[in-house]
Protein chains: 2
Amino acid sequence: MTDTAAPLDHSRMPYQLPFPPEAAAEIIVPGALPEDERVWVPQAPNVWFRPLCLNTVSGYWVNLLRVRKSGVLSRHRHPGPVHGFVLRGRWHYLEHDWVAEEGSYVFEPPGETHTLVVPEDVPEMITLFHITSCMIYVDPWGKQTAYEDVFSKIAMCRAHYESNGLGGDYLDRFIR
Amino acid sequence: MTDTAAPLDHSRMPYQLPFPPEAAAEIIVPGALPEDERVWVPQAPNVWFRPLCLNTVSGYWVNLLRVRKSGVLSRHRHPGPVHGFVLRGRWHYLEHDWVAEEGSYVFEPPGETHTLVVPEDVPEMITLFHITSCMIYVDPWGKQTAYEDVFSKIAMCRAHYESNGLGGDYLDRFIR
């Protein structure tokens, strides 16, 4: 085994590789920015998301958020950490004075409350978000109005895919 | 407060917004694909990474991995989950038959052992990786040869930034 670019011959290996039998299955999503409009789940006016990983065991989800035509994601609080990477467009939070541009990375700590706004001159914004725990929607005074967690996300996606012909089972590939 | 696009007047709010005093600080990295070559930390021949979030409290890190000219990231095992999103180029694992193309998302479950290869016809590959726990480098038979965790990553980055003029303190903005 001197050429690391050659496939390994697993049958020759005394150590069980590459997977322990209990390991979860991988998720591979080629072309995660899809042309098939059906995978985008409506979230609010001009706001959609598409699931990539819905982790029911650790309680988090990874998705792409898409906003068109001056959309707003209602004010909410995060009890867990959030990681974002802007793939297209630009957005900001009403509560902060910085702007997330294309190619920017953002870490939002637990305890953040914010309102995501995409300005009118941005035709399309797409950001990869990794969200742990839940989102607690609040009014301007911080009073809870609703929540979302990985299970409510699953229910939203499943209902949407059942209604648009993809089928509820389409979602299973993203759930662990 | 009828116009959600207008900044909120926090002084009028009875509920403490937007941050609890104990909340960690955000991390904002505009232009995470930088032109300043100094932020890229050498990892192996033709392989570099740049840190975005080094979480010492939960034990994970988020970084960009960059590979040029047919680079290989040595065989390693992940005891924790990994999330990847390909921003440029293309790569595959010797242990799998799928290819991660630009715009692809990948979830790698705990228990994965793999060897990342960028083929010769790809001039540059950049992938966003979110890695929990550690990487255990192994030989082809699965025997441990080395490891990396968030603390060894911090040490690598700090030493590199100290040596190239950015200064070791430059790293602090990415550490929580």
Side-chain angles (χ1 to χ4, degrees), chain A residues 1 4-8 10 13-20 22-33 52-53 55 58 62 64 70 72 74-75 81 83 85 87 94-96 98-101 103-115 117 128 130 138 140-143 176, chain B residues 1 4-8 10 13-20 22-33 52-53 55 58 62 64 70 72 74-75 81 83 85 87 94-96 98-101 103-115 117 128 130 138 140-143 176:
Chain A
M1 192 59 59
T4 56
L8 293 167
H10 296 299
M13 297 178 186
Y15 185 85
Q16 185 67 35
L17 289 174
F19 281 110
E22 298 82 3
E26 292 182 310
I27 302 174
I28 317 297
V29 186
L33 298 155
L52 294 171
C53 180
N55 192 318
S58 296
V62 179
L64 295 173
S70 189
V72 173
S74 303
R75 189 171 178 81
H83 301 268
F85 197 94
L87 300 175
L94 294 187
E95 295 80 0
H96 292 289
W98 48 264
V99 175
E101 312 255 6
S104 294
Y105 164 80
V106 176
F107 165 68
E108 303 163 12
E112 267 268 341
T113 295
H114 50 220
T115 314
V117 176
L128 175 72
H130 180 132
V138 296
W141 291 268
K143 185 172 174 185
R176 292 294 179 277
Chain B
M1 193 59 60
T4 56
L8 294 166
H10 296 299
M13 298 178 188
Y15 184 86
Q16 184 68 36
L17 289 174
F19 282 110
E22 298 82 2
E26 293 182 309
I27 302 173
I28 317 297
V29 186
L33 298 156
L52 295 170
C53 180
N55 192 317
S58 296
V62 179
L64 295 173
S70 188
V72 173
S74 303
R75 189 170 178 80
H83 301 268
F85 197 94
L87 301 175
L94 294 186
E95 296 79 1
H96 292 289
W98 47 264
V99 175
E101 311 254 8
S104 294
Y105 164 80
V106 176
F107 166 68
E108 303 164 12
E112 268 268 342
T113 295
H114 50 220
T115 314
V117 176
L128 176 72
H130 180 131
V138 296
W141 290 267
K143 185 171 175 186
R176 291 295 179 274

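Because the structure is predicted, anything quoted here is derived from the model rather than measured. A, B, ... follow the sequence lines: proteins, then strands. Residue 1 opens every chain. Quick note: numbers below take in every heavy atom, side chains included, and nothing from hydrogens, waters or symmetry partners.
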So which of N55(B), L33(B), L128(B) has the largest heavy-atom pair count under 4.5 angstrom toward chain A?
L128(B)
Non-hydrogen atoms of chain B under 4.5 Å away: do they reach the side chain of A25(A), the backbone, both or neither?
backbone
Can you name the closest pair of heavy atoms from P110(A) and A23(B) and give their distance?
O-CB, 3.7 Å
Should P109(B) and R176(A) count as side-chain neighbours, where that means a heavy-atom distance under 4.5 Å?
no
Is it the backbone or the side chain of V62(A) that comes under 4.5 Å from a heavy atom of chain B, or both, or neither?
side chain
How far apart are the C-alpha atoms of F85(B) and L87(A), what are their side-chain angles, what is the distance that settles it, and do they pass the side-chain contact (heavy atoms from CB on, under 4.5 Å) test?
CA-CA 10 Å; F85(B) 197 94; L87(A) 300 175; 3.6 Å; yes
Can you name the nearest heavy-atom pair linking G111(B) to P20(A), along with the distance?
O-CD, 3.1 Å
Parallel, tilted or perpendicular: rings of H96(A) and F19(B) (30°, 60°):
tilted
Is there side-chain contact between P30(A) and W98(B), with at least one heavy-atom pair below 4.5 Å?
no
Mind checking what makes side-chain contact (heavy atoms from CB on, under 4.5 Å) contact with S74(A), not counting sequence neighbours?
Y137(A)
Would you compute the distance between atom CD of E108(A) and atom SG of C53(B) and round it to the nearest 0.5 angstrom?
11.5 Å
Sub-4.5 Å side-chain heavy-atom contact between E26(B) and F107(A)
no
